[in-house]
S.K.: 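One structure is given below, represented as structure tokens, and several questions about it will come after.
These figures come from a predicted structure and were not determined experimentally. Computation of the quantities below employed the complete heavy-atom set of this structure, encompassing side-chain atoms and omitting hydrogens, waters and symmetry-equivalent molecules. Numbers here simply count residues along the sequence, with the first being 1.
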Amino acid sequence: MKPLTCLPVKVRASEAVQLGFKSIEHLHGLFIGTSSIEDNIFEIADMSDLFGYSLAEIEASQHYDSEKAEKLFRTFKEKEVWPVPTMVTYLNMAKNEIDSRSKYVPTAVQEYWAEVIRATPPKQTELMTAINSTTPGMVKKLNDAGVPMLASTDSSYEMTNFIYGVSLHDELEMLVKSGFTPLQALQTATLNPSRYLEREQELGTVEEGKLADDLVLLDKNPLEDIRNTTSISAVVLDGKLMEKQALDQSVKTYPVMQVADTPE
């Protein structure tokens, strides 16, 4: 199985392709790798941590080189390298309040999130916001160039406002806002992963003979509005139909907290 991999900060995107990387999480290195100042950044930028690396990426985004980008994107397609935007990561990390949809998140986790939010320096929140403003443009360039991508969410209670399930819906919506058609966005979470995993004969589309291991049935058409992926009427899990009432009854909910109301 091919793992999803983050690009090490000292490895260029072009080098990663030659080293056999098959995916690039968060589009790390792509702003630097498509900029006219790539060599300069690797010579003088302080990329010893994620903060410095992100600053370098933002600086590089101001020096986009279309010829370098075209060459890199063409190589991605030839070598079958799959970028994974995971835009929802920085969206969630920039929030200064607990997401109003956190009713599925245990109280202890919400309290931990509140602690992290309170302790987050304003400059870090500003950095996350800056990345949020630059990433959609790169996603659009990749998509326009025909580079296939994968959906991901980074969902983990260790990071603030990452809500299992909800984060995927947000990521699909962000892809559409970045220029994807609703069908293209859906394929990043269905067909494309099956191709990446080389299991297209079993997974990825609704067809006779394929596995119905995780099939979501909707009340509204997501091709008309990608937000309709949240209008879930039933789920087929391991061949078993679970309708909405049963799904709702199987999930415990909690009061959604406000940062100001949590103990310091």
S.K.: Please check this pair: side chain of Glu25 against backbone of Thr86, looking for a donor-acceptor N/O pair closer than 3.5 Å.
M.R.: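 Not at all, since once roles are kept as given, no pair shorter than 3.5 Å links the two residues.
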
S.K.: Does Met174 share a hydrophobic cluster with Ile24, counting links as ILVMFWY side-chain heavy atoms below 4.5 Å and allowing steps through other members?
M.R.: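 Cluster IDs for Met174 and Ile24 match.
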
S.K.: For Lys68, does the NZ atom have more than 12 heavy-atom neighbours from other residues, nucleotides or ligands under 6.0 Å away?
M.R.: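 Result for NZ/Lys68: enclosed.
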
S.K.: Does CG belonging to Asp219 count more than 12 external heavy atoms closer than 6.0 Å?
M.R.: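 Check passes, neighbour count above 12.
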
S.K.: Indicate the ring-plane relationship of Tyr53 and His28, choosing parallel, tilted or perpendicular according to the 30° and 60° boundaries.
M.R.: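 Tyr53 vs His28 ring planes: perpendicular.
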
S.K.: Applying side-chain contact (heavy atoms from CB on, under 4.5 Å) between Met87 and each of His26, Met138, Glu171, Glu173, report the one that passes.
M.R.: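 Single side-chain contact (heavy atoms from CB on, under 4.5 Å) partner of Met87 among His26, Met138, Glu171, Glu173: Glu171.
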
S.K.: Okay, side chain of Ser167, backbone of Tyr164: is any donor-acceptor separation there less than 3.5 Å?
M.R.: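 No; zero donor-acceptor contacts below 3.5 Å.
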
S.K.: Got a second to check how far Tyr90's OH is from Ser133's OG, nearest 0.5 Å?
M.R.: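 Rounded to the nearest 0.5 Å, the OH-OG separation comes out at 12.5 Å.
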
S.K.: So, Gln258 side chain and Ile98 main chain: donor-acceptor pair closer than 3.5 Å or not?
M.R.: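 Checking the backbone N and O of Ile98 against the side chain of Gln258, no donor-acceptor pair under 3.5 Å is found.
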
S.K.: Evaluate the side-chain proximity of Pro8 to Phe21: yes if any heavy-atom separation is below 4.5 Å, no if none is.
M.R.: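 Answer yes - side chains close enough.
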
S.K.: More than 12 heavy atoms of other residues, nucleotides or ligands under 6.0 Å from NZ of Lys77: yes or no?
M.R.: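 Yes, NZ of Lys77 has more than 12 neighbouring heavy atoms, counting only those of other groups under 6.0 Å.
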
S.K.: For the CE atom of Met149 and the CG atom of Leu175, what is their distance to the nearest 0.5 Å?
M.R.: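 Here the rounded value is 7.5 Å.
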
S.K.: Any link between Tyr104 and Phe162 through a network of hydrophobic side chains (Ile, Leu, Val, Met, Phe, Trp, Tyr) touching at under 4.5 Å?
M.R.: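 They do not share one cluster, since no chain of ILVMFWY contacts under 4.5 Å joins Tyr104 to Phe162.
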
S.K.: Could you tell me whether the side chain of Thr205 and the main chain of Glu207 form a donor-acceptor pair under 3.5 Å?
M.R.: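 No, Thr205 side chain to Glu207 backbone: no donor-acceptor pair under 3.5 Å.
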
S.K.: Distance check, rounded to the nearest 0.5 Å: Ser100 atom OG versus Ile163 atom CD1?
M.R.: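 So the gap between those two atoms works out to 8.0 Å.
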
S.K.: To the nearest 0.5 Å, what is the distance between CE (Met159) and OH (Tyr112)?
M.R.: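 So the gap between those two atoms works out to 9.5 Å.
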
S.K.: Look at the side chain of Trp113 and the backbone N and O of Tyr157, then say whether any donor-acceptor pair between them is shorter than 3.5 Å.
M.R.: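 Answer holds: yes.
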
S.K.: List, by chain and then residue number, the residues other than Leu211 in its hydrophobic cluster (Ile/Leu/Val/Met/Phe/Trp/Tyr, side-chain heavy atoms under 4.5 Å); write none if there are no others.
M.R.: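 Besides Leu211, the cluster holds Leu203.
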
S.K.: Verify the neighbour count for atom CZ of Arg101: are there more than 12 heavy atoms of other residues, nucleotides or ligands below 6.0 Å?
M.R.: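 More than 12 within 6.0 Å, yes.
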
S.K.: Considering only heavy atoms from C-beta outward, does the side chain of Thr135 approach that of Leu27 to under 4.5 Å?
M.R.: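 The answer is yes, as the side chains (C-beta and beyond) meet within the 4.5 Å cut-off.
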
S.K.: So do the side chains of Met128 and Ile131 get within less than 4.5 Å of each other, counting heavy atoms only?
M.R.: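 The answer is yes; the side chains approach within 4.5 Å.
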
S.K.: Hydrophobic clusters here meaning ILVMFWY residues chained together by side-chain heavy-atom distances under 4.5 Å, can you tell me if Leu218 and Leu183 are in one?
M.R.: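 Result: no, two separate clusters.
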
S.K.: With a 4.5 Å heavy-atom cut-off, do Ile226 and Lys177 have their side chains touching?
M.R.: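 They are not in side-chain contact.
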
S.K.: Strictly distance-based, threshold 3.5 Å: is any side-chain N or O of Asn161 a donor or acceptor partner for the main-chain N or O of Asp99?
M.R.: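 Judged by distance alone, yes, a pair lies under 3.5 Å.
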
S.K.: For Lys71, is there an ion pair with Glu67 - N to carboxylate O distance below 4.0 angstrom?
M.R.: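 Result for this pair is no, no salt bridge flagged.
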
S.K.: Do Asp225 and Lys220 have side-chain heavy atoms sitting under 4.5 Å apart?
M.R.: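 Contact flag for Asp225/Lys220 side chains = no.
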
S.K.: Would you say Glu243 has more than 12 foreign heavy atoms packed within less than 6.0 Å of its CD?
M.R.: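 No - once you tally the heavy atoms of other residues, nucleotides and ligands closer than 6.0 Å, there are 12 at most.
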
S.K.: As an exercise, state the distance from CD of Glu202 to OG of Ser194, rounded to the nearest 0.5 Å.
M.R.: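 One gets 9.5 Å once the value is rounded to the nearest 0.5 Å.
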
S.K.: Tell me if the NZ atom of Lys103 is crowded by more than 12 foreign heavy atoms within 6.0 Å.
M.R.: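 For Lys103, atom NZ is not crowded (no more than 12 foreign heavy atoms under 6.0 Å).
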
S.K.: Would you call Leu217 and Ile232 a side-chain contact if the rule is heavy atoms closer than 4.5 Å?
M.R.: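 A side-chain contact is absent here, since even the closest heavy-atom pair is not under 4.5 Å.
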
S.K.: As an exercise, state the distance from CZ of Phe180 to CG of Asn143, rounded to the nearest 0.5 Å.
M.R.: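 Answer rounded to 0.5 Å: 4.0 Å.
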
S.K.: So, the side chain of Gln124 versus the backbone of Pro121: is there a donor-acceptor pair under 3.5 Å, distance only?
M.R.: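 Flag not set: sc Gln124 to bb Pro121 has no pair under 3.5 Å.
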
S.K.: Under a 4.5 Å cut-off applied to non-hydrogen side-chain atoms, are Asp46 and Leu55 in contact?
M.R.: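 Answer no - side chains too far apart.
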
S.K.: Run the side chain to side chain donor-acceptor pair (under 3.5 Å) check on Asn92 and Lys95 step by step: do they pass?
M.R.: CA-CA 5 Å; Asn92 286 333; Lys95 294 175 182 176; 3.1 Å; yes

S.K.: For Val84, does its backbone N or O pair with a side-chain atom of Ser152 as donor and acceptor, under 3.5 Å?
M.R.: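 Side chain of Ser152 to backbone of Val84, a donor-acceptor pair under 3.5 Å: no, none is there.
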
S.K.: Please check if Leu150 and Leu197 belong to a single hydrophobic cluster, counting links between Ile, Leu, Val, Met, Phe, Trp and Tyr side chain heavy atoms closer than 4.5 Å.
M.R.: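 The answer is yes; both residues are in one hydrophobic cluster.
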
S.K.: Between Asp39 and Arg12 (salt bridge meaning N to carboxylate O under 4.0 Å), is one present in this structure?
M.R.: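 Arg12 and Asp39: salt-bridged.
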
S.K.: For side-chain contact (heavy atoms from CB on, under 4.5 Å), just list the numbers for Thr229 and Leu186, CA-CA rounded to whole Å, side-chain angles, deciding distance to a tenth of an Å, and then say yes or no.
M.R.: CA-CA 9 Å; Thr229 57; Leu186 287 171; 3.8 Å; yes

S.K.: Are there over 12 heavy-atom neighbours, none belonging to Tyr64, within less than 6.0 Å of that residue's OH?
M.R.: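 Result for OH/Tyr64: enclosed.
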
S.K.: Is a donor on one side and an acceptor on the other found under 3.5 Å between the side chain of Lys240 and the backbone of Val235?
M.R.: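 No; zero donor-acceptor contacts below 3.5 Å.
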
S.K.: When you group the ILVMFWY residues by side-chain heavy-atom contacts below 4.5 Å and let the links chain together, are Ile117 and Tyr254 in the same group?
M.R.: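 No, Tyr254 does not connect to Ile117 through the hydrophobic network.
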
S.K.: Take atom CD in Glu15; do more than 12 heavy atoms of anything else shown fall under 6.0 Å from it?
M.R.: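 Check passes, neighbour count above 12.
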
